[in-house]
Each structure stands twice: as C-alpha cells, then as structure tokens.
There are 2 protein chains.
Amino acid sequence: MSNPRPRPNLSDLAAALGVSAATVSNALSGKGRVSPELIEKIRKTAAESGYIPSLPAKALRTGRSGVLGLVLADIAHPLFPQIAQAVEFAAANCGYGVLIADSRGDIATQTGAINRLLERGADGLVVVPRRGTRVGDIGRPVVVIDSPSTPRNTVAADHWNGGQQIGQYLLSQGHRHFVIIGGSATSNVQNDRVGGIRSSLPADATSEVIWIEDIESKNGKGCDLGLVAKAREGATVFCAVSDLHALRALMELQRGGIDVPKAASVTGFDDLIWSPVVTPSLTTMRMDMATIADIAVARLLEAIEAEGGAKSPSEKPEPHISSVPMQLVIRQSSGPAPVRRLSTSGGVAVL
Amino acid sequence: MSNPRPRPNLSDLAAALGVSAATVSNALSGKGRVSPELIEKIRKTAAESGYIPSLPAKALRTGRSGVLGLVLADIAHPLFPQIAQAVEFAAANCGYGVLIADSRGDIATQTGAINRLLERGADGLVVVPRRGTRVGDIGRPVVVIDSPSTPRNTVAADHWNGGQQIGQYLLSQGHRHFVIIGGSATSNVQNDRVGGIRSSLPADATSEVIWIEDIESKNGKGCDLGLVAKAREGATVFCAVSDLHALRALMELQRGGIDVPKAASVTGFDDLIWSPVVTPSLTTMRMDMATIADIAVARLLEAIEAEGGAKSPSEKPEPHISSVPMQLVIRQSSGPAPVRRLSTSGGVAVL
DNA sequence: AGGGTTTGATTAAGCGTTTAATCACCTTAC
DNA sequence: GTAAGGTGATTAAACGCTTAATCAAACCCT
C-alpha cells in the first residue's frame, strides 16, 4: 500500500506495457527488430517511470562491467586532478565509469592496486606509472600515460617538443645564457624536457643543467641552489622542468634581489594550480590533458572491443604510442633578455 | 586444448571438489554450516586455483555493488589528491572500490555526477561539495566532507580549532599584531579558520582581516596586497587561511625586502604539496585527511548496513557531524616576533 | 494461391552468486 | 526403540539482464 514502484526493472516495464522483457531490452538498446512506434513508446514509458537498468545484471550477462580502472602511481602528484578530471570526462562521454586505485608511490603496491581493479571487473586500465616502473602483462587492455618510451600502448605529452617550444620562445626573447633546472636525473620525463630545450639552442647560446637532487644530497634539503650567483655571472633565464622547481627558483632570485622578469626570466612546466597566482605569474608549458585522456580512453575502448572479437591472442591490435603537443603559456615571469651588462653595476636594483 | 581454467567459478570449484556450489559459497563466506575440515579444504583449493569471485554476480544477487562513489565538486581544489588518496585507501581497507565523478566546478553538473554514480550502483557516496552547495536527498547513504555546517552526515576538519591552534602558537612566539589573509569571504571553511584565529587573540593583540577577492575586484587579479606597508606599520605576522595565499604573501614580502621569518612570520593552512619545498618552508595547519577519510568511510558503511536492515524510513541512524583536529606543522616561515621598532629604520635590510 | 522471405515479436536459457528451504543422517533422551 | 533435536550437506529459486532460437503473421514473387 506504499511504494508504488521503488525501482522498476525490465520485467516491470514489460508487464506494464504488455510486451515481453526481451522486446523492451531490444527497444532500449536498439539491437533486435522492434517496430519504430513500439520503440518510441517503450522509450517514453521507460523514461517517465524512471527506469534505471541494473549495471550488475548487465555486467554479469555480458561480461563487461562498463568500468575503467585508473591507476595512479602516486595520487598525491600535483597533476593528478587534471588527469583524473580528464579521464573521468572522457570515460563518462563513452558511457564508462572510472574506478580509482592508488599505489602511494610504492612499486609493490602498484601491482596490488592493478589487481584490485581487475578483480572489481574493470574492462581496461589507464595507468600512470611510477617513475621507472614497467607495467607487466595483465590479461586486459592497458593504456599507459607516461613519457613515450614504453613498450605498451602509450599516450603522452611530447615533452621533448615542449622543451623545444619553450627554448625557441626564450631565444626569440633574446636570451642566450640558459640555466636548466631539473629535479631528478633519473626521470624520463624530465630528461626529455631538458633534451628538448638544449636541442633548440643554437651554437652561440650556452646552457648549464643543474639537478636539485644532486645539490640537495650535498647541501641538505631546501638549500640554496646558487641561482643568484649564476644570474650575476650572466645567466638571463632559468628554465625549470617543473613549476615546482620554477617556483623555488623564482623565490630564490627574488630574495636575492634579482628582478623577475626584468633581470632574469623564469619558466616552468605543467601549469600547476598556483602557477597563475604567484607573483609574477609563471610562464610555463602545459600538457593538454583533455586530449591525452581522450586518446587514452579511445584507444582503450578500441582494445576492449577488439578483445571481444579476437579469440586468438595473436591478432591483438599493435601497440601504438601517441604524442600530444604541449602548449606554451606566457605569463609574467618571462620577458626579453636584459640589455647586456658586463658585470658592471647596471641599472637594475641589486642589493 | 589450451586454456585449462581461464577463470574458475564457484561451480567449477564445487565440481572439482565433489561438493555443491552452495557449500563452497558457505565455506568461503563462513556463513552456513560447513564442517571445519571442509572449510579448510575448500579455502585451500580455492586459493590455489586462483578463484576470483564475480563481483557483478554477487552484486546482482545481494543488491550491493561493493563500490563507493566519490564526488569531487571542486576538482581544482588543491587538496583533491589528498582526499582522493585517503578515501581510496580507507575504502580499499574495507573491501570497497571507489568510483569517481567530477562536476568540474559546475553546480548543475554536481547532481548529474551524483546520478551517474548511483546508476553505476554505488552503495553510498562521499561528497566534497562545491562551496555553498547543499547535497539534496538522494535515496542512498551520503557522507559529506566539508566544514561542519551541513544538515547531513558530515565529517570535517575542525577549522575553527585549527585557527585557534595557530593563533596560540603565534602568540606564544610573541606576536601581537596580526594580519589575517583570506581568499573569499563567502567560504565557510575560511570563515571558520579566521574566526578561530581571532577568538584566540587576547585583548592586547590587534588583528585585521583582508580578503583577496575584495582587493582584486578593485585592483585587478594578481595585484599587490599591500602587505609590505602593513609590515612597516607594525604587523609582525601574516596568517593566511590557505597555503595558496600564504605563498603569495611570502613572495610579496620577500620582494619588498621584508625578511621572513626574521622581520615577519607567514603561516598558511592545508600543507599543500609545495609548502615544504619553498624557501622558507611554510608553517601551516594540516588536515588529518587519513582520519577524516577513515571516519567518513566508516560512517558510510555503517549507514549502508543500517539501510539493509531498516525497512521503515523512520529509523535511519541520526545524522552526526564529527570534527577532526588539525595538526600544526612548524617550519621556517614562522618564528619569534621581531623586537619592537617604532617605525624607526631598524636593522633589517630594506630597499 | 501457395511457397519463400521479411518483419516484429516471444520464449527460454544462462551469466555466477547467495540463501532459504529441505533433506539425510547421527546423537541424545526417555 | 523411537521421537526429538542437531549437524552438515544439498536443492532450487532468484537477482535483472541479453541474446540466440523460435514462431506467427504479414509480405513478395511468379
């Protein structure tokens, strides 16, 4: 005498319409042979009765869960929001849900996380692996988002080209003496970026690469990087391969009385959330996460489709890597190279 | 002639052992009546045959998907990674998966995202709502992570108390003239923090609150906040309610030649990822996300349990809000108040 | 007009679990 | 010796959906 239809199911609908459940199913999925008018009618009543198909039932029957797994090696990564948002959006557009798992940087846990997702029935996985980690062969489609150096299906930002872009931009501003700041020399991504920058420099330009990890292992965490001295020696631009490092450089220079961008330019990578709001706001290279996620999800669904048809393990679609161009975001922290001042006390406000 | 047992199911196991499927199910779940030896034997063969129960089947039968939905309204929020990580961990510990949905800041999309999760069969939802948004009544258990001012089940950091803690700490360092920096006066969270700070100040202390949004609406985005002037006028500590703002304050002061922490202290809130690595590293109040997530998930599972038993809608467990204390993280950006200098040009390095 | 094809719908089986109901058997008690 | 009770297992139905197989009726063609 109370709840009329708490949540109608396919049979309820069929009964109410006086047709069979199969017909309703066909009408809604557009698969079998149903007359156009009936389809119309069924869809209408389905909508107004608030019918929601049971995903578990569908999953059980079809063997597809309609869920993608997103494995973040380290969820605390500052780029995570961008990635998660983009992947979720792309997946939702294709009618898929996104299950997350995090391996908190622990390489052992990474496979654990992957397994959890597989047990939950994820149809395929998007993996953002921990640095230097390889994703082993699991029995399901996988797409990796990383630097383009993975034997699997990979989609990544074109870090090398990103480096070139920012290098060229800075050259066009008249800079000739580069200090390139990296975090860890073991990172593929960072090395790609550094390589890109250097490859864009002509013969008359100088560049020096410093790795924060190296310096800190000597002088302790949070130590000075000696940038002010380098600026005094003639470096006009500090090119960090991450906004994290760019911020650090920016503050060190400002503390040392070097005016940014008048006396020196600072640039970063990744366009992290605070990059627009610091002063001066950071010039940086942004990854096109939306495109990366779109491609990743598309490739994944492709593989999932293919998996359904192909029984023999031989005819899986060949692994493919795609590079997505990065975008230069020019803000206030970069500008023209200062007029040459040969270690004379120039017009710039120094100590 | 190839795959021996691609993925055994309950019946396969039962057949191999010569018992019924029901017995296997009971043995594994420990529910029915099965002899201890048989349980032992079944569990053993289950394990070594690599048996993985089908979640969809279980979900279909029991009506529980074993999945929690995580709704992030304000995905740009820098705390997002911490929250997601903590929730995922807490849920995984309880054998639950986490499905994410993002409403990209759009308030209309928020309900859409919630619905997507419900359609996917989420047993319950953890919602981190967009500022000023209320979560409407959906037919499932919900826990909200927000400032403690929501009519629903809510768990939140005790922002007010956090404000008091940092206020007291700064008082103990001798500070008496506070500038409190907020972003938007419409944020509950920020208001709580500001209120907490002020409530901790004795009569002989002065405080002034400035809202960045207000200043920027007059002077344009990224404008100066006039902090250097305030420092000259005697303010010795700049208390931001977010590390984002603290960073901005820090840079503005450093650019103006104010030494932090010698001439003035700067503190923030949230312990964002870069807070330890800027120079000087930021003193801040950290939320205990792990605890918050634990409580949120626990309360959610509780509600899900209760929902199973209680038929009458009346006897749902009463909404409860919990506050989790924040943790003071002392780093380099704060220190003792400088010795009094009555607008005379002190010993500090200025312009 | 009657055999073949097309169209629009139905029937029924099955996906892998859980669980209430049932059953056979063994104890125990009177 | 037999009824009552306990124990350890089985049977069978159900969860909600998809889909191949089937079927009845309408259509086409010569």
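Protein chains get the first letters and strands the later ones, always in sequence-line order, with residue 1 at the start of each.
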Counting side-chain heavy atoms from CB outward, which of [options] is closest to [X]?
| X | options | answer |
| --- | --- | --- |
| Val19(B) | dC17(D), dT10(D), dT19(C) | dT10(D) |
| Ala22(B) | dT11(D), dA9(C), dA9(D) | dT11(D) |
| Ser20(A) | dA9(D), dG16(C), dT10(C) | dT10(C) |

I'd like to know if Glu48(A) and Arg43(A) make a salt bridge, using a cut-off of under 4.0 Å between side-chain N and carboxylate O. no

Of Leu60(B) and Thr23(B), whose closest DNA chain D nucleotide lies nearer the 5' terminus? Thr23(B)

Closest-nucleotide ordering on DNA chain D, the 5'-leading residue of Ala57(B) and Glu37(B): Glu37(B)

Within the 4.0 Å heavy-atom criterion, would you say [X] contacts the bases, only the backbone, or no part of the nucleic acid?
| X | result |
| --- | --- |
| Ser54(A) | sugar-phosphate |
| Ile52(B) | sugar-phosphate |
| Pro56(A) | nothing |

Just how far, in rounded Å, is [atom2] of [N] from [atom1] of [X]?
| X | N | atom1 | atom2 | answer |
| --- | --- | --- | --- | --- |
| Arg64(A) | dC15(C) | CZ | P | 17 Å |
| Arg33(A) | dT22(D) | CZ | P | 14 Å |
| Leu55(A) | dC15(C) | CG | C1' | 15 Å |
| Asp12(A) | dG16(D) | CG | P | 8 Å |
| Asn26(A) | dA9(C) | CG | C1' | 9 Å |
| Leu10(B) | dG14(C) | CG | P | 18 Å |
| Lys41(A) | dG8(C) | NZ | P | 15 Å |
| Tyr51(A) | dG16(D) | OH | C1' | 7 Å |

What residues form a side-chain contact (heavy atoms from CB on, under 4.5 Å) with Ser11(B), not counting sequence neighbours? Asn9(B)

Under 3.5 Å, is there a donor-acceptor pair between the side chain of Arg64(B) and the main chain of Ile304(B)? yes

Looking at Lys58(A), I'd like to know whether one of its side-chain N or O atoms comes within less than 4.0 Å of OP1 or OP2 on dG16(D). no

Ser35(A) vs dT7(C): side-chain N/O to OP1/OP2 distance below 4.0 Å: no

Residues Arg120(A), Ser65(A); criterion side chain to side chain donor-acceptor pair (under 3.5 Å); working and verdict: CA-CA 9 Å; Arg120(A) 281 239 128 61; Ser65(A) 61; over 6 Å; no

Between Leu68(B) and Leu300(B), is any pair of side-chain heavy atoms under 4.5 Å apart? yes

